[in-house]
Amino acid sequence: MEPEPLTPADGWVKADPENIGKWSAIAYQTGRALRQRGIPIGVVVCAQGASVIQSWIDERRITGTALDLPVDQRHGDRTCPRYAAWNADGALYHYMLERLFPFSFGKVVWYQGESNTSPAEGAVYDQLLAELISNWRACFRDPALPFVIVQIADYEPAAEPGWKSVQAAQRRAAQSIPHTVLVVSADVCEKDMIHPVTKWKLAARIADQL
């Protein structure tokens with residue numbers, strides 16, 4: 001049985017053997033890497049597995065635009081019965097992100113993309129990411145809020161032709177959007193699974209940018 005995730009009811013917690021199973025592995029390992037360097041840090045995990053980027057953007061910024069792709073051009077996670085509850089446009093933005101307003105943050109680590117690897121979405125993922133960053137910066141009232149964009153890992157068994165397109169789009173976004181940086185994962189992660197388990201190496205690389 002998988003552990004229940006941390007919820008707002010848990011409040012601020014110190015990582016310990018009793019709650020560590022609830023943490024995001026990449027968030028924990030990144031925080032640990034920083035702490036080992038003598039940098040105390042608080043980490044807010046706002047994440048959901050198998051989520052699409054459109055779910056994290058206020059849907060009013062997408063509806064009726066060129067980014068409002070037909071459902072049949074989107075990745076299957078958008079309508080998969082197991083994930084559909086949180087993958088409607090704007091769903092996680094309203095359910096999770098809005099709870100953080102109007103707090104301020106030092107930086108955002110964005111690690112997502114696997115659920116947007118349809119050909120059509122891969123072609124516009126950089127535009128979706130630009131929309132998300134603009135949206136979040138406005139809501140957190142910080143037009144220069146830094147974003148660390150973690151490029152999705154290589155996944156050799158992937159059948160989605162949009163996989164490489166998303167990786168390329170993440171690279172383009174980091175090159176064109178001010179106050180963003182790209183962290184490459186391909187050379188430090190396994191290539192035979194969507195979510196590589198060797199996260200401490202990637203976390204160390206993320207920590208270098210924080």
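With rounding to the nearest 0.5 angstrom, the CG atom of Leu34 is 4.5 Å from the CD1 atom of Ile41. To the nearest 0.5 Å, the span separating CD on Glu98 from SG on Cys139 amounts to 7.5 Å. The line from CG of Leu145 to CD1 of Ile133 is 9.0 Å long, rounded to the nearest 0.5 Å. Interatomic distance, Leu128 CG to Leu67 CG, rounded to the nearest 0.5 Å: 4.5 Å. To the nearest 0.5 Å, atoms OG1 (Thr30) and CZ (Arg205) are separated by 12.5 Å. Atoms NZ and OG1, from Lys107 and Thr180 in turn, are 11.0 Å apart once rounded to the nearest 0.5 Å.
In terms of heavy atoms, Pro146 sits closest to Gly106 at CD-O, 3.3 Å. Across Ala50 and Asp77, no two heavy atoms sit closer than the pair CB-OD2, 4.2 Å. Closest approach of Ala169 to Gly122, counting heavy atoms only: CB-O, 3.9 Å. Looking at every heavy atom in both residues, Ala144 comes nearest to Arg137 through C-NE, 4.2 Å. What you find for Ser118 and Glu121 is that their closest heavy atoms are OG-OE1, 3.0 Å. Contact record, Ala207 with Ala33: CB-CB, 3.9 Å, taken as the closest heavy-atom pair.
For the side-chain contact (heavy atoms from CB on, under 4.5 Å) test, residues two or more places apart in sequence or in another chain that qualify with Asp154 are Lys164, Gln167, Ala186, Lys191. Ser165 meets the side-chain contact (heavy atoms from CB on, under 4.5 Å) test with no other residue; sequence neighbours excluded. Not counting sequence neighbours, the partners of Ala27 by the side-chain contact (heavy atoms from CB on, under 4.5 Å) test are Ser24, Val43, Val45. Considering only residues two or more places apart in sequence or on other chains, Ile20 meets the side-chain contact (heavy atoms from CB on, under 4.5 Å) condition with Ala15, Trp23, Tyr28.
At least one side-chain heavy atom of Ile206 sits less than 4.5 Å from a side-chain heavy atom of Ile26. Side-chain contact check for Glu114 versus His75: every heavy-atom pair is 4.5 Å or farther apart.
Looking only at distances, no side-chain donor or acceptor of Ser55 sits under 3.5 Å from a matching main-chain atom of Gly90.
Residues Trp12 and Leu100 are members of one and the same hydrophobic cluster, defined by side-chain heavy-atom contacts under 4.5 angstrom among Ile, Leu, Val, Met, Phe, Trp and Tyr. Under the 4.5 Å side-chain heavy-atom criterion for ILVMFWY residues, a single connected hydrophobic cluster contains both Leu129 and Val184. The hydrophobic cluster containing Val52 does not contain Met96, counting ILVMFWY residues as joined when their side-chain heavy atoms lie under 4.5 angstrom apart, directly or transitively. Under the 4.5 Å side-chain heavy-atom criterion for grouping Ile, Leu, Val, Met, Phe, Trp and Tyr, Leu92 is connected to Phe103 within one hydrophobic cluster.
Tyr95 carries Arg99 over the face of its six-membered ring, with the cationic atom under 6.0 Å from the centre and within 45° of the normal.
Electrostatic pairing of Arg61 and Asp89 does not count as a salt bridge here, judged by no charged N lying under 4.0 Å from a carboxylate O. Looking at Arg74 and Asp68, a side-chain N of the basic residue comes within less than 4.0 Å of a carboxylate O on the acidic one, giving a salt bridge. The pair Asp16-Lys14 does not meet the salt-bridge criterion, since no charged nitrogen lies less than 4.0 angstrom from a carboxylate oxygen.
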Show your reasoning for whether side chain to side chain contact (heavy atoms under 4.5 Å, CB included) applies to Leu97 and Phe140. CA-CA 10 Å; Leu97 193 75; Phe140 288 120; 4.2 Å; yes

Go through it in stages, so that I can follow the logic: the residues are Thr198 and Val188, the test is side chain to side chain contact (heavy atoms under 4.5 Å, CB included), and I'd like the CA-CA distance, side-chain angles, deciding distance and then a yes or no. CA-CA 8 Å; Thr198 309; Val188 293; over 6 Å; no

Where do Val124 and Leu69 land on the side chain to side chain contact (heavy atoms under 4.5 Å, CB included) test, with the steps shown first? CA-CA 10 Å; Val124 298; Leu69 299 173; 4.2 Å; yes

Evaluation steps, side chain to side chain contact (heavy atoms under 4.5 Å, CB included), between Gln112 and Tyr125: CA-CA 11 Å; Gln112 185 276 343; Tyr125 187 88; 2.6 Å; yes

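Residues in residues 26-47 take part in these salt bridge (charged side-chain N to carboxylate O under 4.0 Å, His left out) pairs, two or more places apart or across chains: Arg37-Asp208. Within the structure, no pair that satisfies the salt bridge (charged side-chain N to carboxylate O under 4.0 Å, His left out) test touches residues 140-150, not counting sequence neighbours.
No side-chain donor-acceptor contact under 3.5 Å links Glu131 and Ser134. Judged purely by distance below 3.5 Å, without hydrogens or angles, the side chains of Gln54 and Glu59 never pair a donor atom with an acceptor atom.
The distance between the ring centers of Trp56 and Trp86 does not fall below 6.0 angstrom.
In summary, of the residues considered (Leu182, Asp126, Ile149), a side chain to side chain contact (heavy atoms under 4.5 Å, CB included) with Arg171 occurs for Leu182 alone. Results of the ring-ring contact (aromatic ring centres under 6.0 Å, His included) test with Trp136 over Phe101, Trp110, Phe105, Tyr93 single out Trp110 as the only residue that passes.
When the shell of 6.0 Å around CD of Glu18 is examined, it contains 12 or fewer heavy atoms from other residues, nucleotides or ligands.
Between Trp163 and Tyr155, the two ring planes are tilted [angle within 30° to 60°].
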